[in-house]
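In what follows, every chain begins at residue 1, and chains take the letters A, B, ... in the order their sequences are listed. Since we're looking at a predicted model, the values are computed, not measured. No hydrogens, no waters, no symmetry mates; every other heavy atom, side chains included, goes into these values.
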There are 2 protein chains.
Amino acid sequence: MLAVVGDSAAGKTTITAGLVEALGPDRCVSISADDYHRFDRAERRGKPFTPLHPDCNYIDILEQHLQLLATGHPILKPVYDHSIGRRVRPELVEPKDFIIVHGLLPLHSKLARACFDVTVFLDPPEEIRRAWKINRDTVTRGYTTDQVMAEIVASEAESAKYVRPQRAHADIVVRFAPIATRNDPPDTPLSAELILRPTIRQPDLTEVLQPDVTRTIHLRLARDTDGRPVDSVHIHGYTTAEENAAAEKMLWEALGDPRTAAPKCLGLISPNQRSTPLAITQIILLHHLLHGAR
Amino acid sequence: MLAVVGDSAAGKTTITAGLVEALGPDRCVSISADDYHRFDRAERRGKPFTPLHPDCNYIDILEQHLQLLATGHPILKPVYDHSIGRRVRPELVEPKDFIIVHGLLPLHSKLARACFDVTVFLDPPEEIRRAWKINRDTVTRGYTTDQVMAEIVASEAESAKYVRPQRAHADIVVRFAPIATRNDPPDTPLSAELILRPTIRQPDLTEVLQPDVTRTIHLRLARDTDGRPVDSVHIHGYTTAEENAAAEKMLWEALGDPRTAAPKCLGLISPNQRSTPLAITQIILLHHLLHGAR
């Protein structure tokens with residue numbers, strides 16, 4: 001079981017979709033923790049909190065369902081329809097080989113955290129997350145830009161109090177961002193930094209990522225915010241398509257399955273847009289899922 | 001936890017409502033197993049079975065939820081709205097001192113049966129149940145009489161195969177019916193026969209129901225269909241209002257709480273219609289709930 005956690009529009013659905021497609025729907029099921037929202041959008045208007053607050057969600061039922069899935073039992077999962085902002089009828093979810101849970105609060109409680117084999121926190125800079133959120137909520141969820149901006153302001157305190165502290169409980173922290181020290185043109189694809197914490201057995205990348213073997217990916221020994229040693233993987237957005245393809249192939253052969261080509265769904269941001277940093281991130285997560293399953 | 005089981009329109013909701021009101025909503029919650037229907041009414045039209053078939057219900061989820069409630073955990077219960085024949089959004093149910101589960105199939109599986117402290121099967125004669133069903137489904141569920149008759153015919157085989165066999169697993173079998181050996185006028189209230197099986201500790205009624213103490217209730221030693229000895233309690237519908245009131249008072253003082261009057265909600269069939277056989281049945285069930293809870 002993998003948790004993909006982060007603030008609203010941090011990229012959870014995008015990273016999850018590629019993993020589910022790569023593993024196949026027969027073996028993998030994904031669950032949105034947003035389905036555990038306790039109130040409809042209209043009901044929330046009178047409430048003193050946003051969906052980022054634990055009290056705005058059936059946290060105890062989410063814990064219960066995670067435990068049931070972790071022990072091989074089916075659940076009748078609630079469903080929150082984002083397109084209309086309403087809770088609708090529940091659906092049966094059978095446990096599968098791989099279960100990916102993405103949402104705002106899956107790592108909020110100790111009991112929920114104990115259910116996961118691997119945990120990921122998505123940590124983009126706020127200005128990037130906000131741009132992503134405005135785009136998504138106006139295009140697919142029927143909000144105006146002003147409404148989204150108001151929601152961002154309204155949820156800031158709860159994000160700081162409940163969502164961001166979960167970063168401390170992640171085995172892997174992923175940050176998509178431009179590289180501050182370079183002066184790349186605005187349409188340069190985002191780079192990514194992955195912090196691989198020693199809270200789980202991380203893949204040994206020292207062999208495959210030897211210095212100067214590629215310009216696209218670098219491995220560095222670094223210190224976490226608490227001083228503990230971690231691997232820091234930098235994946236650059238500015239390198240050429242050829243360099244990117246070679247780096248993805250190299251990582252897939254080392255961490256994925258060298259007998260097959262990497263699934264085409266990896267790295268897809270939209271049907272027409274690819275990201276090598278996203279693909280590399282997904283290859284490392286797939287390695288954890290496949291390795292943990294062996 | 002009490003199970004109230006029987007075919008469609010056998011009287012489950014009526015007997016349950018009086019118990020819930022007597023115990024109070026702070027201490028008692030009732031759950032309809034119909035909420036675990038797997039399909040909407042419209043979806044069922046193309047299916048080769050009726051709601052009486054286990055495959056037409058989330059039986060494994062019902063088992064899971066019964067186990068969770070029995071061990072003191074909340075559930076997110078599905079909801080089936082009979083007035084529109086559709087599954088709607090689920091609702092949180094917290095465990096309480098007394099949990100009453102009524103439905104078509106709560107005693108179908110061994111795992112579900114193991115969750116209950118007391119189990120009741122409602123077993124009215126078919127012609128009475130059909131009259132009740134036609135009345136209810138045309139008045140509150142939007143069916144025509146022809147549709148109800150067609151449904152009764154369509155569900156007969158599944159009732160025989162799945163619903164009626166649960167009678168064997170009940171601690172108490174309740175049969176509301178006119179007395180065949182008498183020639184009472186048609187508007188005479190129905191009598192009731194209660195079979196009290198020794199599968200649980202039944203109340204000792206030999207003291208309170210000594211011969212000739214009342215015309216309303218009789219206790220007889222009888223043999224069950226499998227030959228085992230049981231108590232058979234006959235409650236007559238034809239006795240006078242004074243005899244009925246005295247019998248109810250006597251039973252309540254023996255089995256309920258002699259410090260208080262019997263709750264007014266016991267015996268209510270509708271806001272304007274009372275039944276002493278129903279009230280006596282509910283007093284015996286309340287005795288089990290209160291006695292088991294002590």
Problem - Crowding at CD, E151(A) (>12 non-hydrogen neighbours, <6.0 Å) - result: yes
Handout entry: Step-by-step side-chain contact (heavy atoms from CB on, under 4.5 Å) determination, L2(B) to H288(B)
Key = CA-CA 9 Å; L2(B) 165 69; H288(B) 275 295; over 6 Å; no
Practice task
Tabulate, in ascending numerical order, the residues of residues 46-81 of chain A having at least one heavy atom closer than 4.5 Å to a heavy atom of chain B, or enter 'none'.
Solution key: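 If one takes a 4.5 Å heavy-atom cut-off, the residues of residues 46-81 of chain A near chain B are Y58(A), D60(A), I61(A), Q64(A), L68(A), H73(A), P74(A), I75(A), L76(A), P78(A).
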Handout entry: Spatial distance of atom CG (L286(B)) from atom CZ (F98(B)) [nearest 0.5 Å]
Key =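 Separation between the atoms: 8.5 Å.
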Fill in the blank from the handout: Value for CD (Q282(B)) from SG (C265(B)), rounded to nearest 0.5 Å, stands at 7.5 Å
Handout entry: Proximal component of R38(A), with respect to chain B [non-hydrogen, under 4.5 Å]
Key =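 The side chain, not the backbone.
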Problem - The single option from R175(B), R167(B), H169(B) passing side-chain contact (heavy atoms from CB on, under 4.5 Å) against F121(B) - result: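 Running side-chain contact (heavy atoms from CB on, under 4.5 Å) over R175(B), R167(B), H169(B) with F121(B) returns exactly one hit, R167(B).
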Practice task
Assess whether side-chain contact (heavy atoms from CB on, under 4.5 Å) is satisfied between K96(A) and L23(A), documenting all intermediate values.
Solution key: CA-CA 11 Å; K96(A) 296 191 177 177; L23(A) 293 163; over 6 Å; no
